[in-house]
Trainee: 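Here it is, the structure, as structure tokens.
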Amino acid sequence: MKKQIISIAMLICMAFGVFAQEQFAILSPDEKLKLSLSIGDEVSYTLSHESDVLIAPSALSLTLGSGESWGKKAKILRSKTQRKTESIPSPFSKSATVTDDYNELSISFKGDWGLEFRMYNDGVAYRFVSRKKQAFTVQSEETAIRFPENFQTYTPYVRNYNENDNHFESQFHNSFENTYTHSPLSDLNPKRLIFLPMLIEAENGKKICFTEVNLEAYPGMYLKKNASNANELNAVYAPYPASTEQGGHNMLQRRVTKREDFIAKAAGQREFPWRVAIVSTEDKQLAVNDMTYRLASPSRVSDLSWVKPGKVAWEWWNDWNLYGVDFKTGVNNDTYKYYIDFASKNGIEYVILDEGWAVNKQADLMQVVPQINLKELVDYGKARNVGIILWAGYWAFDRDMENVCKHYSEMDVKGFKVDFMDRDDQEMVDFIYRASETAAKYKLMLDFHGMYKPSGLQRTYPNVLNFEGVHGLEQLKWSSAEVDMVTYDVTIPFIRMISGQMDYTQGAMRNATKGNYRPVNSEPMSQGTRCRQLGLYVVLESPLNMLCDNPSNYMDEPESLNFIAKIPTVWDESVPLNGKVAEYVAIARRTGSDWYVGGLTNWTARDMEIDLSFLPEGNYTMTLFKDGINANRAARDYAKETRSVRSGEKLKLHLAPGGGFAAKLEKR
């Protein structure tokens, strides 16, 4: 322990006074990562991995509404170190258990506050802690991240940028969806907010991914480039709303009309969110990183027996577009009964009623349109082992939450997809926790759409199975060919997926090569090959996983449908096989004794070798979907084969431009 966590006191005499400057160093369990902490006039830290400096000296502080500053001329009362290792159950994630292994340094300061640091082999996290007995406000939290060089970045900018908005107000209202800008730090726009997670390319192939965990009773953190220092990023937070009014999409939102001069209200004693820097030496490590889960608060739901992940037949993306039926399709009971029958026949656990089942622009979930008889649909689905999930605008859900949850739970609705929050100030974060708790009380699962990135809520409230905060397949209903979803698909496993599961909504049966894609709202298509769509079900984490296309299209593609309908949505084990950010990825996942392997490439055709050494010894039957010989011309072209393989065998595959593959391996 003495070798891993060291404290050295140093006195620096100044001409106009004497102030203690104390140095701490904390190492990761494998002793490769080192955090150097300096405490005196300011609190600053440096992060290095072996001989490489990843983060140059960077200051941190928190300013209260009273003017008190935590981090300026800080006076240490005591410090404590400990090593901790434990196994955490992870029932609805990428693995059945998560190992939490870290060195911790806790420092208490005069003024009833403290700092906690946790050093892992794959990164570092720190947070402020309040021991005050009285409530207070947080004026600001100052976070500087300085880099030793002009590193390259993968930057997710907020989309709705207004260059005349000097206070970022227009950017604080956003859906947290965008592709990544690959550029050096020096080229970043200091007037544009960056939402998390964000990835930095450091020396010797190392990557640093920044995010936050345990975002509770506090606003989300954005980053922006420092206008006067090309190699520095600074934190920005939305101030607390002073007033809001109903508005936004179909009058389903609350839009902030005025803000306070502070960012958060704090109820005395509390722990603030973790500030996290995840470090990898190989890109593929990021694709299965679980630090968000490790740092999150434990589950507050004692009984999880009613939480049932699964697949969802979804109608909105495909615009309720059935064919070969004898009724008018749309938001009506005939259409939804058809979706239920389809789901039941194929073992799909749920059907969602997306926007349209409640009266438009009323923000009242008790007003159901006359074309829908919800009780009849719920009973019809129940008789066929298919649960019903309802879409809800956030304000409609919030304004009558207790009554809505009680009413629809008693009807045996299984959960809600809550949409259009489009903010992460403290008021909205408070709503997310209140909704999660209330839904759990009534045994309702949640899918938070129109949502900021997950930050550990999936562990604290495991009934929350999905989050959007991702530039998902819905974008291809309206996006021009300039939007490169294929490159995005091989970027998010290393960045956005670090924060948690995502409602990306794959499964398109209309597939387009680079030159053939075009936006079609009512009959949308994907960019890339059919096998890419199948591979996404393995690569992306989504415990409540959508089938985005319509039953008619799926029934015309029975082999693809059979694979999608039967694939698990939660896993016992996940193994990264190959990966390079924005180029390619391959992941193996296990449930029971069965393994699934999925891989994707960018627009570059690629020969990929998959080493099957992750398999336990023995013979396996492999069912493989791979890009067809003409998939570069007709993206729907694929080949299916079934054959025997053994552990340690090398599987050689050719991926078409925008291609992918998916395989199931069953122990014989």
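In what follows, residues are counted from 1 in the order of the sequence shown. Note: hydrogens, waters and symmetry copies are ignored here, and every other heavy atom, side chains too, is used.
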Trainee: Indicate the ring-plane relationship of Y394 and F431, choosing parallel, tilted or perpendicular according to the 30° and 60° boundaries.
Mentor: perpendicular

Trainee: Could you give the distance from CG (L35) to CG (L105), rounded to the nearest 0.5 Å?
Mentor: 8.5 Å

Trainee: Inspect the contact between D398 and R434 and indicate whether a charged nitrogen and a carboxylate oxygen are less than 4.0 angstrom apart.
Mentor: yes

Trainee: For the atom pair CD1 (I200) and NZ (K206), what is the distance rounded to the nearest 0.5 Å?
Mentor: 16.0 Å

Trainee: Taking S90 for its side chain and S95 for its backbone only, find out whether a donor-acceptor pair lies under 3.5 Å.
Mentor: yes

Trainee: Might you confirm whether atom NZ of K34 has over 12 heavy atoms from other residues, nucleotides or ligands at distances under 6.0 Å?
Mentor: no

Trainee: Would you say the side-chain atoms of D422 and Q253 include a donor-acceptor pair closer than 3.5 Å?
Mentor: yes

Trainee: Determine whether the side chains of S36 and Q23 contain a donor N or O and an acceptor N or O closer than 3.5 Å.
Mentor: no

Trainee: Whether the side chain of E22 engages the backbone of I39 through a donor-acceptor N/O pair (distance < 3.5 Å, no angle test) should be reported.
Mentor: no

Trainee: Within this structure, what is the CZ-OH distance for the pair R146 and Y45, rounded to the nearest 0.5 Å?
Mentor: 10.0 Å

Trainee: Check for a donor-acceptor pair, side chain of T257 on one end and backbone N or O of S243 on the other, with a separation under 3.5 Å.
Mentor: yes

Trainee: Do the side chains of E474 and E468 get nearer than 4.5 Å, heavy atoms only?
Mentor: yes

Trainee: Taking the six-membered ring of Y120 as reference, does the cationic atom of R294 (NZ for Lys, CZ for Arg) lie under 6.0 Å from its centre and within 45° of its axis?
Mentor: yes

Trainee: Just by modelled atom types, is the W113 backbone N or O under 3.5 Å from a matching donor or acceptor in the K132 side chain?
Mentor: no

Trainee: For the side chain of R159 and the backbone of N174, is there at least one donor-acceptor N/O pair under 3.5 Å apart?
Mentor: no

Trainee: Would R127 and E271 count as a salt bridge (charged side-chain N to carboxylate O under 4.0 Å, His left out) here? Give the steps.
Mentor: CA-CA 7 Å; R127 66 180 174 186; E271 296 160 337; 3.4 Å; yes

Trainee: Taking atom NZ of K191 as the centre, report whether more than 12 heavy atoms of other residues, nucleotides or ligands fall under 6.0 Å from it.
Mentor: no

Trainee: Taking the basic N atoms (NZ, or NE/NH1/NH2) and the acidic carboxylate oxygens, is any pair closer than 4.0 Å for K94 and D290?
Mentor: no

Trainee: Is the closest basic N to carboxylate O distance between E402 and K441 below 4.0 Å?
Mentor: yes

Trainee: Given side chains that start at C-beta, do those of F168 and V158 come closer than 4.5 Å, heavy atoms only?
Mentor: no

Trainee: Does the side chain of Q475 come under 3.5 Å of the side chain of Y488 through a donor N or O and an acceptor N or O?
Mentor: no

Trainee: Taking the inter-plane angle between the rings of W70 and F128 on a 0 to 90° scale, is it parallel (under 30°), tilted (30 to 60°) or perpendicular (over 60°)?
Mentor: tilted

Trainee: Between Q139 and G67 (side chain of the first, backbone of the second, donor and acceptor by atom type, cut-off under 3.5 Å), is there such a pair?
Mentor: no

Trainee: Under 3.5 Å, is there a donor-acceptor pair between the S183 and T181 side chains?
Mentor: no

Trainee: Do the side chains of E116 and K84 get close enough for a salt bridge, i.e. N-O under 4.0 angstrom?
Mentor: no

Trainee: Indicate whether the side chain of S170 and that of N160 have a donor and an acceptor atom separated by less than 3.5 Å.
Mentor: no

Trainee: Would R459 count as a cation-pi partner of Y293, with NZ or CZ less than 6.0 Å from the six-membered ring centre and within 45° of the ring normal?
Mentor: yes

Trainee: Do V429 and I432 make a side-chain contact, defined as non-hydrogen atoms from C-beta onward lying under 4.5 Å apart?
Mentor: no

Trainee: Angle class for the F467/F448 ring planes (parallel below 30°, perpendicular above 60°, tilted otherwise)?
Mentor: tilted

Trainee: Does either side chain, that of N103 or that of T81, offer a donor lying less than 3.5 Å from an acceptor on the other one?
Mentor: no

Trainee: For the backbone of P156 and the side chain of N178, can you confirm whether one donor and one acceptor N or O come within less than 3.5 Å of each other?
Mentor: no

Trainee: Side-chain donor-acceptor pair under 3.5 Å between D101 and T99, yes or no?
Mentor: no

Trainee: Under a plain distance cut-off of 3.5 Å, with no hydrogens placed, do E142 and S61 share a side-chain donor-acceptor pair?
Mentor: yes

Trainee: Say whether, by atom type as modelled, one donor and one acceptor occur between the side chain of E216 and the main chain of P273 under 3.5 angstrom.
Mentor: no

Trainee: Name the residue from R259, R255, K265 that meets the salt bridge (Lys or Arg N to Asp or Glu O under 4.0 Å) definition with D425.
Mentor: R259

Trainee: Can you name the one residue among L54, D122, I26 that meets side-chain contact (heavy atoms from CB on, under 4.5 Å) with L33?
Mentor: L54

Trainee: Please check this pair: side chain of S130 against backbone of G268, looking for a donor-acceptor N/O pair closer than 3.5 Å.
Mentor: yes

Trainee: In terms of relative ring orientation, are F176 and Y452 parallel, tilted or perpendicular, with 30° and 60° separating the classes?
Mentor: perpendicular

Trainee: Using the six-membered ring wherever Trp is involved, compare the ring planes of Y222 and F172 and label them parallel, tilted or perpendicular (cut-offs 30° and 60°).
Mentor: tilted

Trainee: How long is the span from the CD atom in E104 to the NZ atom in K80, to the nearest 0.5 Å?
Mentor: 8.0 Å

Trainee: Examine distances only and state if a side-chain atom of Q458 and a backbone atom of S499 form a donor-acceptor pair shorter than 3.5 Å.
Mentor: yes

